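Everything numeric here is computed off the predicted structure, so don't read it as measured data.
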Amino acid sequence: MSTTTILEQYIANHPGSAERYREAVSIFPGGVTHDNRYAEPFPLYITHGQGPRKWDVDGHEYIDYVSGHGALLLGHSHPAIADAVAEQIRRGTHLGACTDEEVRWARAIMNLMPAIERVRFHSSGTEATLMAMRLARAYTGRNKVIKLQDHFHGWHDYAMAGSDRPAPGIPAESWGSMVILPAGDLDAAQQAMERDSDIAAIILEPTGAHYGQLPFDVPTYLAGLRQLCDRHGVVLIFDEVVTGFRASSGGAQVRYGVAPDLTTMAKIVAGALPGGAVGGKADIVDMIAQRGDPQWDNTERVYHPGTFNGNPLSAVAGATCLEMIAADPINAQADAMAARLKAGLNEVFTRMEVSGHAYGVASMIHFTLAEGDFDHEFGADVNRRIKAAAGSAAVTGIKRGLQNHGIDIMGRDAFLVSATHGEADIDATLAAFEATLAEVRAEGLV
């Protein structure tokens, strides 16, 4: 029996990635261009992808569940999107003017999310959440925004309040207008709104922190927040950067029948190209509108430039993607494969007698080495157990081991399934997960 460890096998398998990382550490801070790509002893370097698969510089093939950080509901290099973008490149990448493409893109969004009456485009999800908070403050004339503990809304100063990570470089004064509450606690939200008349908005990931890793009772909580916001004149903001067009074709808001006042979007909305958007009620988003009234335009209007807002490449990619989602059973396929994966992961945990559980919404599947049933169990204690388990050496071992077996997952504990994953991909993934779990146990990590 081989005595090679998971880590030793990872290093032996990926000399090309190791070599490139040695150069990258002298160029990029930490050697990477995105925090989530940092990995010890080095991250993988990927050359190309097609459908549900991608390949690294050493020639290894992976079934991919990173899915472009959630953006690739249609898989890698979808021909329709590739063709649309290639055609637009020949027509112009930046026309410095209004275009038919941006109108088509906005119509595709509004077709899938009926609560959206106006749209404004951005270049990222971080920009979108920053603008949503600003719009809510301007519209209500109030200053404070409620944010839920650990919910992720990008990396701007306001979004980092109540984060699950440190935030050096941000003045404490920036957080004076942020009110941090525990997720899933309607009583806490009610008390905050009743005691403070300066609350402009509440922003949240509508399926729980980190697209459902830390779950709450979604239908009850979202419906309760809608009622509270209506009662207190507070703007309800759903951050659907990940869940948008993935929790359902119309996002979490359509899946659960709760209409927010504002929605922030990125990732899938731009067909996996750079792009974001804020959409919502006309009277709120129209705080950006110029009215030809100097008093309004110069003193009241929310200012919003942006060189790449609604850029033609993202517009055609986004419109093409969203029109396909509207016309074809894209979500049904991804959800069915995710359900097969979730059931199979739980069977593996049971068969191998390892404490663990897979859970999640639609095509967003998480696993944890904590015991429980987190599709149905919620609360602060559940979140503490999931967060504690996520930091274990066993989870790191599983991430590396899966890569050794040709599976790449999002972060260390999530599978973002695309509509291009098929039954054979799921079954191969489950076999790799079982083999990896056996290796992790052999090393005494579980």
Side-chain angles (χ1 to χ4, degrees), residues 73 102-122 125 127-140 145-146 148 151 153 186 189 199-208 211-212 216 218-270 275-289 302 304 310 318-319 321-323 325-327 330-331 361-362:
L73 185 62
E102 65 188 11
V103 174
R104 176 188 168 199
W105 189 14
R107 290 294 185 196
I109 294 169
M110 296 166 73
N111 181 47
L112 290 168
M113 291 183 171
I116 292 179
E117 300 169 348
R118 292 283 194 279
V119 175
R120 189 76 169 203
F121 290 115
H122 305 266
E127 290 181 34
T129 62
L130 178 59
M131 177 54 78
M133 293 183 194
R134 184 173 297 176
L135 285 170
R137 288 177 169 126
Y139 176 73
T140 61
V145 173
I146 294 173
L148 303 185
H151 281 225
H153 306 296
L186 284 173
I199 302 294
I202 179 169
I203 186 170
L204 69 152
E205 294 183 70
T207 61
Y211 48 94
F216 48 65
V218 175
T220 300
Y221 188 61
L222 297 186
L225 285 182
R226 180 69 276 174
Q227 293 175 2
L228 287 174
C229 288
D230 289 343
R231 188 181 311 153
H232 295 280
V234 171
V235 175
L236 178 60
I237 305 170
F238 281 3
D239 182 344
E240 296 239 43
V241 166
V242 178
T243 59
F245 319 104
R246 185 177 280 278
S248 78
S249 61
Q253 57 197 265
V254 170
R255 182 184 183 95
Y256 297 105
V258 178
D261 300 306
L262 292 175
T263 300
T264 61
M265 295 160 277
K267 299 185 188 294
I268 294 171
V269 79
V278 174
K281 290 185 174 179
D283 54 349
I284 303 177
V285 183
D286 277 350
M287 294 299 296
I288 300 174
V302 173
H304 181 227
C321 175
L322 298 181
E323 288 163 1
I325 288 171
I330 303 295
N331 294 88
V361 174

Is there side-chain contact between Leu262 and Tyr139, with heavy atoms separated by less than 4.5 Å?
no
Looking only at side chains, do Thr264 and Asp239 share a donor and an acceptor under 3.5 Å apart?
yes
Would you say Val269 and Ile109 make side-chain contact, with heavy atoms under 4.5 Å?
yes
Which atom names give the shortest non-hydrogen contact between Val278 and Ala128, and what distance separates them?
CG2-O, 3.1 Å
Smallest heavy-atom separation, Cys229 atom then Ile202 atom, equals SG-CG2, 3.6 Å
On a heavy-atom basis, which atom in Val285 and which in Gly279 lie closest, and how many Å separate them?
CG2-C, 4.1 Å
Which atoms form the tightest heavy-atom contact between Ile116 and Gly280, and what is the distance?
CG2-N, 3.7 Å
Nearest-0.5 Å distance that lies between atom CD1 in Ile237 and atom CD1 in Ile284
8.0 Å
Main-chain N/O of Phe121 paired with Trp105 side-chain donor or acceptor, under 3.5 Å
no
What's the verdict on salt bridge (charged side-chain N to carboxylate O under 4.0 Å, His left out) for Arg246 and Glu240, showing C-alpha distance, side-chain angles and the deciding distance?
CA-CA 9 Å; Arg246 185 177 280 278; Glu240 296 239 43; over 6 Å; no
What's the separation between atom CD in Glu205 and atom OH in Tyr211, rounded to the nearest 0.5 Å?
9.0 Å
Between His122 and His304, what is the ring plane arrangement, given parallel below 30°, perpendicular above 60°, and tilted in between?
tilted
Of the options Asp261, Leu225, Val258, which is the one that meets Phe238 in a side-chain contact (heavy atoms from CB on, under 4.5 Å)?
Val258
Considering non-hydrogen atoms only, spot the tightest contact between Ala259 and Ala115 and give its length.
CB-CB, 3.8 Å
Sequence neighbours left out, what passes side-chain hydrogen bond (donor to acceptor under 3.5 Å, both in side chains) with Thr207? Give chain and number order.
none
I'd like to know if the side chain of Thr129 reaches the main chain of His153, judged simply by a donor and an acceptor atom lying under 3.5 Å from each other, with no hydrogens or angles considered.
yes
I'd like to know whether Val218 forms a side-chain contact (heavy atoms from CB on, under 4.5 Å) with Val361, so could you lay out the CA-CA distance, the side-chain angles of the two residues, the decisive distance to 0.1 Å, and finally the verdict.
CA-CA 10 Å; Val218 175; Val361 174; 5.5 Å; no
Looking only at heavy atoms, the pair that brings Gly125 and Val241 closest together is CA-CG2, 4.0 Å
For Ala289, all residues meeting side-chain contact (heavy atoms from CB on, under 4.5 Å), sequence neighbours excluded
Asp286
So do Asp230 and Arg226 actually touch side chain to side chain, heavy atoms under 4.5 Å?
yes
Look at the side chain of Arg120 and the backbone N and O of Ile288, then say whether any donor-acceptor pair between them is shorter than 3.5 Å.
no
Indicate yes or no: at least one non-hydrogen side-chain atom of Leu204 is less than 4.5 angstrom from one of Leu236.
yes
Using a 4.5 Å cut-off on heavy atoms from C-beta on, say whether the side chain of Met287 contacts that of Arg134.
no
Taking Phe245's backbone N and O only, do any of them form a donor-acceptor pair with Asn331's side chain (distance below 3.5 Å, no angle check)?
yes
Keeping the roles fixed (side chain from Glu117, backbone from Lys281), state whether a donor-acceptor pair exists under 3.5 Å.
no
What I'd like to find out is whether the side chain of Pro206 reaches to under 4.5 Å of the side chain of Thr243, using heavy atoms alone.
yes
Gap separating the CD1 atom of Ile325 from the CD1 atom of Ile268, nearest 0.5 angstrom
6.0 Å
Met131 side, atom CE; Glu127 side, atom CD - distance, nearest 0.5 Å
9.0 Å
Would the distance check show the side chain of Arg255 and the main-chain N or O of Ala247 forming a donor-acceptor pair, the cut-off being under 3.5 Å?
yes
To the nearest 0.5 Å, atom CG of Leu112 lies from atom CZ of Arg107 at 13.5 Å
What's the separation between atom CG in Leu186 and atom CD in Gln227, rounded to the nearest 0.5 Å?
9.0 Å
